[in-house]
Amino acid sequence: MNRRSVPLKNLLLGNTALLALTALMSCVSFINGVYAALYSGLAIIAVLLDAFGQRHPPRFLINIASVGVLASSILRMRFDTVVIVFTEAILLMIAVKMLEGKRSRDYYQIAAMSVLAVISAAVDALDGTFLYFCVLVSLFSGFQLLLAAWFDRDPDSALTARETFQSVSRSLSIWAMMLPICVVLFFIAPRARVSLGQLPRRANAESYTGFSDHITLGAVRDIQSDSSLAFRAEMPLIAPKHLFWRGMIFDVFDGRTWRLGMRGRPGRMLLSGDATVKQEISMEAGYLGALFALDMPAFVNAQGAVPAGDGVFVNGNFRSRLRSYTAISYLSQSFSPDSRGIQRDRYLNLPDGFAPRLRELVGQIASEADGKVPEAIMSYLSPPRYSYTMRGLPTSATPLEDFVFDGRAGNCEYFAAAMAVMLRMAGIPSRLIAGYHGGVYNDSGGYYVVNQSNAHVWVEAWDSAERLWRRYDPTPASGEEGEDSYGGARYGVFWMYYDYMNYQLSRVF
């Protein structure tokens, strides 16, 4: 053997390890941590056995383990976790296959399963990281196919530097042919993710930021940011203070949960504002319920759109998802019902005997408010006394009181819920508005990108003197809702053009 030659087996084993690592890294963000650790451990053991020339487990034991992995996956599989369980099974099959004494077909199978794992990750990935892994796995798998074919003819051969260079060049040719497929998957994959039923992004996550049809305080320990796309809105650039996207109204509170109340026949509203803004909304998931629009929406044009009152519009056709619609909104922080009045008892209702300590605090704040109670409560809930966090949220039987008196740190749900309850205790009708806040303006396409991490909750309080609802947002400005959820500086020129291309493709597929 030439001293400058490299044993074919060593090249194959090294490339196999790179394939296995690429497959894991593409999926590690959403698979269960136990499976990621098990896969890593088995893969490391397999690499060490090959590196030191140790005996591999008998093939029949490997086959039994493979059957066990598949059976376990089938038993755990449900419709809402099918991609996650499938991906975990593929990874374990790769690790099990690596433990075998390898033939050429084993190398082929490892390459094929690694590609399949990366494609599975595409169902979950909505950012550029998937493209990196797709490029890597196509490069390594092309090299694997060439080496495995050589291994099939002469397993004990060694490659000179020139032969190795030629193999790499040929694999690059295969990679160049596979690259267009990677690019297509990159843009098509987010559509596939939606069609599979809005699968969860992690198997073991407790909760994510995102829009919900109720707010339950203390129901989760930690909230993790979900940067996936919620919708895009074609419209002119406007001042950030107006970027409140109205969704639903929560006016019933049972002590822990805010819910939608029974709403009567919607009446007309008396709207006024600086200007009207037309928005062409494209929902990423085609939401079945609320139709989001800038505050205050006056009109939504879509088949099945139904006004539910007080600026809320819903999809009345519950058998189909609305992917796009047109909305016209007034840029206003207040509005009046045409009846010039409200059902006060409805917006003052609290559970009997709820939070007496909090009621005492509200009395103290109101006595010093000089008639401006909402502003005084906003000021009380402001930094440095209170701070924003999505970690370590109160989870006891009295989460609101724990937030106000003990932890003094929470997310928008806690700040808004606290202010709404305190207003009701002060005799001021109030309610929560759920929707989205903020977004990133894409100059290339002339639209806002609004992500799930922009989900937000704010407060509306009734001004009895002016006979109108006023918006208040008690969440500190440093809160993560409403910020650039793509990551600040990362959302540069490349991301602008990428998202514009993705947007255009989404309108075709």
Step-by-step side chain to side chain contact (heavy atoms under 4.5 Å, CB included) determination, Val47 to Leu49: CA-CA 6 Å; Val47 170; Leu49 289 176; over 6 Å; no

Candidate pair Trp245 and Phe231, rule side chain to side chain contact (heavy atoms under 4.5 Å, CB included), full reasoning: CA-CA 11 Å; Trp245 309 89; Phe231 60 88; 3.8 Å; yes

Listed by chain and number, what are the ring-ring contact (aromatic ring centres under 6.0 Å, His included) partners of Tyr108, not counting sequence neighbours? none

Plane angle bin for Phe415 and Tyr388 - parallel if under 30°, tilted between 30 and 60°, otherwise perpendicular: parallel

When you compare the side chains of Glu280 and Ser324, does any donor N or O come within less than 3.5 Å of an acceptor on the partner? no

Of all heavy-atom pairs between Leu291 and Ala305, which one has the smallest distance, and what is that distance? CD1-CB, 3.7 Å

Looking at Glu88 and Ile31, would you say the former's side chain and the latter's main chain have a donor-acceptor pair under 3.5 Å? no

Check whether any side-chain heavy atom of Val137 sits under 4.5 Å from a side-chain heavy atom of Ser26, and report yes or no. no

Just verifying a value: how many Å separate Leu116 CG and Ile90 CD1, rounded to the nearest 0.5 Å? 4.5 Å

Nearest 0.5 Å, please: how far is CG in Leu38 from CG in Leu91? 10.0 Å

Check: Asn451 side chain, Asn454 main-chain N or O, donor-acceptor pair, under 3.5 Å: no

Can you tell me how far apart CG (Leu21) and OG (Ser114) are? Round to the nearest 0.5 Å. 10.0 Å

Leu48 side chain reached by Gln54 side chain, heavy atoms, under 4.5 Å: no

In short, Leu12 meets Ala148 closest at the heavy-atom pair CD2-N, 4.0 Å

Val457 to Asp473 - nearest heavy-atom pair and separation: O-OD1, 4.2 Å

Approximate separation, where rounding is to 0.5 Å, of Met419 CE and Leu432 CG: 10.5 Å

Heavy-atom pair with the smallest gap, counting every atom of Gly410 and Leu393: CA-CD2, 3.7 Å

Student check: side-chain heavy atoms of Arg153 and Phe151 closer than 4.5 Å: no

How are the rings of Phe403 and Tyr414 set to each other: parallel, tilted or perpendicular (split at 30° and 60°)? tilted

Return yes if a side-chain donor-acceptor contact under 3.5 Å exists between Gln452 and Tyr436, otherwise no. yes

Decide side chain to side chain contact (heavy atoms under 4.5 Å, CB included) for Asn442 and Tyr448; before the verdict, give the C-alpha distance in whole Å, the side-chain angles of both, and the deciding distance to 0.1 Å. CA-CA 6 Å; Asn442 190 323; Tyr448 280 95; over 6 Å; no

For the pair Thr326 and Ile281, evaluate side chain to side chain contact (heavy atoms under 4.5 Å, CB included) and give the outcome as yes or no after the intermediate values. CA-CA 6 Å; Thr326 302; Ile281 308 291; over 6 Å; no

Quick one, Leu24 and Ser40 - any side-chain contact, counting heavy atoms below 4.5 Å? yes

Minimum heavy-atom separation for Val314 to Ala308, with atom names? CG1-CB, 4.4 Å

State whether the side chain of Arg259 and the backbone N or O of Val252 hold a donor-acceptor pair below 3.5 Å, judged by distance alone. no

Check this for me: does any side-chain nitrogen of one of Lys102 and Asp50 sit under 4.0 Å from a carboxylate oxygen of the other? yes

Carefully, step by step, assess Gln144 and Thr16 under the rule side-chain hydrogen bond (donor to acceptor under 3.5 Å, both in side chains). CA-CA 7 Å; Gln144 187 92 335; Thr16 298; 3.0 Å; yes

Verify, without hydrogens or angle tests, whether Gln109 (side chain) and Tyr107 (backbone) share a donor-acceptor contact under 3.5 angstrom. no

Nearest 0.5 angstrom please: Met283 CE to Arg323 CZ, how far? 9.0 Å

Taking the side chain as C-beta and beyond, is there a heavy-atom pair between Thr389 and Asn411 under 4.5 Å? no

Looking at Asn15 and Phe140, would you say the former's side chain and the latter's main chain have a donor-acceptor pair under 3.5 Å? yes

So does Phe292 get a backbone contact from the side chain of Tyr325, meaning a donor-acceptor N/O pair under 3.5 Å? yes

4.5 Å side-chain heavy-atom contact, Leu400 and Val421: yes

I want to check something: taking the side chain as every heavy atom from C-beta on, are Pro394 and Asp406 in contact at a cut-off of under 4.5 Å? no

Taking atom CZ of Arg256 and atom OG1 of Thr216, what is their separation to the nearest 0.5 Å? 7.5 Å

Can you find a pair of side-chain heavy atoms, one from Pro399 and one from Asp402, that are under 4.5 Å apart? no

Check whether Arg246 reaches the backbone of Asp295 with its side chain - one donor and one acceptor, N or O, closer than 3.5 Å. no

List the atom of Ala117, the atom of Thr87, and the distance in Å for their closest heavy-atom pair. O-CG2, 4.5 Å

